[in-house]
> 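Okay, here's the structure, questions in a sec.
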Amino acid sequence: MKILTCPAQLQRLEGILRKSLPLALPVFGAVLNIQRGNPGHFEVLVDKWPEFGAVLARPSGEVASGDMENCRRGGDTVPWHVPGVLRAPVGAPRCRAPHPCLHVGTPLSPPLTPASPRPSPGVHVGSLSPSHVDLLNDTWPYGGNARSRRYLAEILGRFPHVCLQDSGGQPVAWVLTDHFGTGTHSYTLPEQRRRGHMQVALTVAAQRAHARGFPTFG
């Protein structure tokens, strides 16, 4: 596999993948993040260039063998020119959840407009901090262990997120994104549900994703 490091090659790959959504979603978000400072320290590989047949996104520095199955264990692979083969992202190297909010299926609502949902009275858009990692770990279906806690702390520190807070500054709902530009952990506290908080959080997340050049699907 060939690692693409040339900005011109990565830009060309981004354009090719963008034309092939949603099939290319498992690696498209990773390529966008790489092109925007690479906060997740990822790299993207192709089986050959420029007429590639598969694309792989993985943490930088992992050693891939010639066996594609081994490559898949280190990241997400899009098999090219094989319509219908990819049903879901391949591999889960870091306890990554399925994509519950961003990058699934059809486009989300457009960016915020005067008619877009707004936070309820006493609730505002804020942010999470490292002190909230235990809360995130306790409320994530894939959490509750040291590995998931490290993973959540990593994506919280590196990637965009949206958090709604009450008047006391406590989180009531949030949306986290990951190395692939996908929604990883979206949650509303049980006592705060049925108030439209998640709809607001997802709308704000979609607006911010659009501003960064990311497509949003849901």
Side-chain angles (χ1 to χ4, degrees), residues 4-46 52 55-60 75-78 80 86-113 116-117 125-128 136 140 151-152 154-164 173-187 198-218:
L4 298 185
T5 57
C6 172
Q9 291 177 335
L10 289 169
Q11 188 67 40
R12 181 177 177 183
L13 177 62
E14 179 181 325
I16 294 171
L17 295 177
R18 188 179 292 274
K19 294 177 182 178
S20 302
L21 298 174
L23 175 66
L25 283 174
V27 294
F28 181 65
V31 172
L32 291 183
N33 274 325
I34 291 170
Q35 289 282 79
R36 291 155 177 77
N38 199 11
H41 305 297
F42 258 45
E43 61 191 10
V44 62
L45 302 85
V46 293
F52 57 90
V55 187
L56 170 70
R58 69 180 187 189
S60 297
D76 273 5
T77 304
V78 170
W80 218 247
L86 186 66
R87 304 290 181 192
V90 200
R94 299 195 177 200
C95 300
R96 192 163 52 83
H99 304 164
C101 19
L102 304 183
H103 287 193
V104 191
T106 57
L108 276 176
S109 302
L112 285 174
T113 67
S116 297
V125 179
S127 60
L128 296 165
L136 298 177
W140 194 33
Y151 170 74
L152 292 167
E154 177 185 351
I155 64 171
L156 177 62
R158 293 184 177 182
F159 300 101
H161 71 271
V162 172
C163 175
L164 298 185
W174 56 83
V175 177
L176 274 65
T177 60
D178 65 6
H179 307 75
F180 300 94
T182 59
T184 299
H185 182 10
S186 303
Y187 190 83
M198 185 53 62
Q199 185 179 9
V200 173
L202 288 173
T203 301
V204 174
Q207 180 196 38
R208 293 179 178 179
H210 276 293
R212 298 176 61 237
F214 284 70
T216 54
F217 289 75

> Which value, rounded to the nearest 0.5 Å, describes the distance between Leu4 atom CG and Arg12 atom CZ?
10.5 Å

> Give the intermediate values and the outcome of side chain to side chain contact (heavy atoms under 4.5 Å, CB included) for residues Phe42 and Asn33.
CA-CA 8 Å; Phe42 258 45; Asn33 274 325; over 6 Å; no

> Atom CG of Leu17 and atom CG of Leu23: how far apart are they, to the nearest 0.5 Å?
9.0 Å

> Looking at Arg208 and Val162, what are the two nearest heavy atoms and their distance?
NH1-CG2, 3.8 Å

> Any side-chain heavy atom of Val175 within less than 4.5 Å of one from Met198?
yes

> For the pair Leu56 and Val44, evaluate side chain to side chain contact (heavy atoms under 4.5 Å, CB included) and give the outcome as yes or no after the intermediate values.
CA-CA 6 Å; Leu56 170 70; Val44 62; over 6 Å; no

> If you apply the rule side chain to side chain contact (heavy atoms under 4.5 Å, CB included), what do you find for Thr177 with Phe214, and how did you get there?
CA-CA 12 Å; Thr177 60; Phe214 284 70; over 6 Å; no

> Examine distances only and state if a side-chain atom of Thr182 and a backbone atom of Asp178 form a donor-acceptor pair shorter than 3.5 Å.
no

> So how far is it from Cys163 SG to Leu156 CG, rounded to the nearest 0.5 Å?
9.5 Å

> Side-chain contact test, heavy atoms from C-beta onward, threshold under 4.5 Å: evaluate it for Leu136 versus Trp174 and give yes or no.
yes

> Any side-chain heavy-atom pair from Thr184 and Tyr151 closer than 4.5 angstrom?
yes

> Where do Pro7 and Gln35 come nearest, in terms of heavy atoms and distance?
O-NE2, 4.1 Å

> When you compare the side chain of Pro215 with that of Leu32, does any pair of heavy atoms fall below 4.5 Å?
yes

> Apply the side chain to side chain donor-acceptor pair (under 3.5 Å) test between His179 and each candidate in Arg158, Arg58, His41, Glu154; give the one that qualifies.
Glu154

> Verify, without hydrogens or angle tests, whether His185 (side chain) and Leu152 (backbone) share a donor-acceptor contact under 3.5 angstrom.
no

> Using side chain to side chain contact (heavy atoms under 4.5 Å, CB included), reason through Val27 and Leu13 one step at a time and then give a plain yes or no.
CA-CA 11 Å; Val27 294; Leu13 177 62; over 6 Å; no

> Which atom pair, heavy atoms only, marks the closest approach of Leu21 to Arg18?
CG-O, 3.5 Å

> Hey, is the main chain of Arg212 close enough, under 3.5 Å, to the side chain of Arg36 for a donor-acceptor pair?
yes

> Kindly give the heavy-atom pair with the smallest separation between Leu164 and Ala201, and that separation in Å.
CD1-N, 4.3 Å

